[in-house]
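Shown next, in structure tokens, is the structure this report addresses.
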Amino acid sequence: MPSHRYRAVHERVELPLTERDWPRRRLERAPLWVPVDLRDGNQALVEPMDTPRKRRMFDLMTAMGYKEIEVGYPSASQTDFDFVRHLAASGDLPEDLTVSVFTPARADLIERTFASIEGLPRALVHLYTATAPTWRDVVLGQDRAEVHRMIREAAELVARLGEGRPVRFEFSPEVFNLTEPDFVLEVCNGLSELWDACPDRPVVHNLPATVEIASPNVYADQIEYMDRHLERRDGVILSVHPHNDRGTGVACAELAVLAGAQRVEGCLFGNGERTGNVDLVTLALNLHAQGVDPMIDFSDVDEIRRTVEHCNRLPVHPRHPYAGELVYTAFSGTHQDAIKKGFAHHAERAAELGVPEGEAPWAVPYLPIDPADVGRDYEAVIRVNSQSGKGGVAYLLHAHHGLDLPRGLQIDFSREVQRLTDGTGAEATPDDLWSLFHATYLSPAADGPWTLADWRTAEPFPGEHEFHCVLRAEDGAEHKLTGTGNGPLSAFADALGTAGVTVDVLDYAEHAVRSGPDSPAVAYARCEVDGAVRWGAGRDTSLLTASVHAVLAAVNRAR
């Protein structure tokens with residue numbers, strides 16, 4: 001790789017911070033969130049949103065609880081201008097919502113932007129200019145003084161046009177992370193004074209990592225330096241706008257908040273130019289997973305994802321954190337076993353505390369949050385393929401069909417499932433598992449070499465049981481058998497012995513599938529039959545019938 005062509009960040013930008021506080025801080029509350037899907041995200045789409053799609057996305061964001069939304073770049077396209085006018089004319093905006101619009105530092109475009117927001121009850125005009133040396137030299141063809149003058153003149157126009165109107169101001173030195181710190185401070189402090197930044201009408205200084213060029217700790221150092229040195233600090237909202245070129249946009253945002261940022265701009269699921277803007281869904285739910293209220297409603301993350309996919313015409317990856325189709329799904333056997341035990345432990349803990357499971361402290365292996373928090377059920381948590389083990393198989397049979405397999409039967413059945421999935425190469429659904437279990441352990445009682453044409457039990461004396469039956473062979477011959485034992489199953493085994501079938505019941509388990517007088521019972525029997533050990537199962541409204549069928553199924557499987 002021709003790595004020698006590139007320079008390290010320390011050779012490209014000055015990093016004056018030498019003593020830092022951010023590594024000792026903790027994230028204890030949510031920042032101000034500003035989704036920019038309708039502007040920055042929209043500019044990154046192959047097919048930009050029309051007004052209906054923009055409105056659908058806007059309505060989603062307001063329903064989720066966002067208080068400030070960047071809705072467009074009204075001087076860049078008629079569609080964006082018309083959408084801002086649509087919002088201004090709608091009369092149905094939430095009372096606490098601020099609409100943000102984006103404009104470059106050019107007089108005609110600023111005037112067009114102010115025309116678009118006429119009539120909005122609250123607006124924020126977001127002024128931007130690239131300030132980094134490469135952009136000044138290559139794109140603008142201006143030196144520092146010329147760029148500063150251009151920004152100042154544009155900001156003065158913004159101040160005049162906003163006078164007496166319900167408008168606040170924001171400035172972004174684009175490519176902040178590659179701009180000289182002293183230049184950014186000079187520009188931002190000048191605008192704070194010009195716009196009279198104060199707590200009652202704060203100015204937003206937004207510091208974008210427009211193109212990620214360093215590890216997140218470098219961005220945090222840059223933000224902390226600005227946090228310490230910005231003037232009128234109580235009248236300034238320090239904002240960040242990370243991109244994801246290095247794949248560390250989320251980390252950059254989190255460390256920037258530790259370093260003093262109070263506001264984060266980003267997109268739902270991280271859509272944006274190149275590798276995207278920072279992902280507001282992941283950021284917010286990372287806080288949720290640490291016990292911090294993100295102040296945004298993600299209780300139906302699937303509907304959020306569907307809406308964003310519709311509006312962007314882009315799919316959300318199935319492994320996307322918190323929201324992807326497969327993020328709460330385990331195929332691995334060891335993972336499934338741990339999750340199954342975790343669910344059981346969680347239910348026990350909730351019962352001990354006397355609270356609903358949805359209120360109990362969460363500590364389930366491999367699941368950082370309860371899927372129910374974001375509107376997911378547990379059906380997709382465990383799915384079975386060739387990588388799966390006994391725990392996942394047992395969980396699905398229990399969750400979908402009420403079976404509570406003994407550990408030995410879990411191991412035995414997982415081998416059958418492994419043969420199935422290895423052979424097909426496909427996932428085994430809960431219905432597939434039930435069909436396989438039924439064919440392997442239940443059906444042999446009715447379809448095997450021996451069937452019971454008739455049978456009954458008796459207990460002539462306490463602790464002494466008799467089993468009388470008619471056993472029909474494959475060739476149709478019927479054998480009347482009688483056996484005795486200390487229980488019905490031992491008496492049945494004794495009766496089979498009179499037909500030359502040696503049976504020893506090694507393990508036995510039973511349970512009801514659900515409560516109620518007519519609910520079926522299930523019995524499981526592990527038997528040694530003429531030296532071969534096999535499991536069988538029975539299912540019937542009568543527990544005795546289910547247990548007899550379980551033993552007969554084991555016998556027929558062995559023979």
Side-chain angles (χ1 to χ4, degrees), residues 4-18 40 43 73 75-76 102-114 125-162 169-197 203-214 218-219 221-233 236 238-243 245 252 256 265 273-274:
H4 62 278
R5 301 174 60 213
Y6 306 98
R7 290 186 295 158
V9 64
H10 300 80
E11 299 175 10
R12 302 176 69 185
V13 65
E14 180 187 358
L15 300 172
L17 191 69
T18 57
D40 198 339
Q43 290 177 270
Y73 192 158
S75 65
F102 191 72
T103 180
R106 216 177 85 185
D108 58 330
L109 303 183
I110 292 170
E111 291 169 354
R112 174 79 167 163
T113 300
F114 271 89
V125 174
H126 181 178
L127 179 71
Y128 84 95
T129 296
T131 54
T134 301
W135 274 252
R136 295 196 307 258
D137 298 340
V138 176
V139 181
L140 300 175
Q142 297 178 352
D143 60 20
R144 278 177 53 153
E146 291 170 320
V147 170
H148 193 177
R149 188 181 312 114
M150 177 179 65
I151 295 170
R152 180 81 182 188
E153 291 173 355
E156 289 172 348
L157 176 59
V158 166
R160 288 197 302 273
L161 294 174
F169 309 128
E170 173 180 356
F171 174 66
S172 286
E174 191 180 352
V175 209
F176 153 79
N177 56 328
L178 272 173
T179 303
E180 305 92 331
D182 66 307
F183 184 44
V184 176
L185 272 175
E186 179 184 357
V187 172
C188 289
N189 286 335
L191 294 186
S192 295
E193 180 181 8
L194 172 65
W195 288 337
D196 193 21
V203 166
V204 177
H205 285 311
N206 184 55
L207 308 178
T210 307
V211 180
E212 272 199 311
I213 45 84
V218 173
Y219 190 49
D221 283 353
Q222 293 174 313
I223 297 301
E224 184 168 336
Y225 178 81
M226 296 296 293
D227 178 46
R228 291 184 188 181
H229 294 90
L230 280 170
E231 297 173 358
R232 298 195 180 206
R233 188 64 186 87
V236 170
L238 180 54
S239 176
V240 292
H241 184 117
H243 280 245
D245 301 83
C252 279
E265 296 183 354
E273 293 283 10
R274 306 180 311 280

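All heavy atoms count here, side chains included; hydrogens, waters and symmetry mates do not.
- Between F102 and Y128, the ring planes lie parallel to each other; the angle is under 30°, not in the 30° to 60° tilted range.
- Heavy-atom minimum distance, Y219 versus P208: OH-C, 4.0 Å.
- No hydrogens or angles considered: a donor-acceptor pair under 3.5 Å links the side chains of H241 and D40.
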- Item | Residues L178, V211; criterion side-chain contact (heavy atoms from CB on, under 4.5 Å); working and verdict | CA-CA 9 Å; L178 272 173; V211 180; 5.7 Å; no
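- For the atom pair CG (L194) and CG (N189), the distance works out to 12.5 Å, reported to the nearest 0.5 Å.
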Let me check something: any side-chain donor-acceptor pairs from residues 153-162 under 3.5 Å, sequence neighbours excluded? List them with distances.
none

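- In this model, a donor atom of one side chain and an acceptor atom of the other lie less than 3.5 Å apart for S172 and H126.
- In this structure, S239 OG and H205 NE2 are separated by 11.0 Å, a value rounded to the nearest 0.5 Å.
- The CZ atom of R152 lies 14.0 Å from the OG1 atom of T129; values are rounded to the nearest 0.5 Å.
- The shortest heavy-atom contact between L230 and C188 is CD2-CB, 3.9 Å.
- The two residues E11 and R7 come nearest to each other via the heavy atoms O-NH1, 3.2 Å.
- In this structure, D108 CG and T103 OG1 are separated by 8.5 Å, a value rounded to the nearest 0.5 Å.
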- Message: Run Y225 and L185 through side-chain contact (heavy atoms from CB on, under 4.5 Å) and show every step you take.
- Response: CA-CA 10 Å; Y225 178 81; L185 272 175; 3.5 Å; yes
- Item | Derivation and outcome, side-chain contact (heavy atoms from CB on, under 4.5 Å), residues H10 and L15 | CA-CA 7 Å; H10 300 80; L15 300 172; 3.5 Å; yes
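- Taking all atoms of both residues into account, the shortest heavy-atom contact from Y73 to Q43 is CD1-NE2, 3.6 Å.
- What you find for L140 and A130 is that their closest heavy atoms are CD1-O, 3.6 Å.
- Closest approach of N177 to E212, counting heavy atoms only: ND2-CA, 4.3 Å.
- Contact check for P133 versus E180: side-chain heavy atoms found under the 4.5 Å cut-off.
- Side-chain contact check for N206 and E265: at least one donor-acceptor pair (N or O, by modelled atom type) lies under 3.5 Å.
- In summary, D182 and R144 engage in a salt bridge, as defined by a charged side-chain N under 4.0 Å from a carboxylate O.
- Taken from CZ in F183 to OG1 in T131, the straight-line distance is 6.5 Å, to the nearest 0.5 Å.
- Residue R106 holds its CZ atom at 10.5 Å from OG1 of T113, rounded to the nearest 0.5 Å.
- Partners of F171 by ring pair (Phe, Tyr, Trp, His ring centres under 6.0 Å), not counting sequence neighbours: none found.
- With sequence neighbours excluded, the residues satisfying salt bridge (Lys or Arg N to Asp or Glu O under 4.0 Å) with R233 are D227.
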- Taking it one step at a time, do V184 and L207 satisfy side-chain contact (heavy atoms from CB on, under 4.5 Å)? CA-CA 9 Å; V184 176; L207 308 178; 4.2 Å; yes
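- Residues S192 and E231 have side chains not in contact (no heavy-atom distance under 4.5 Å, counting atoms from C-beta outward).
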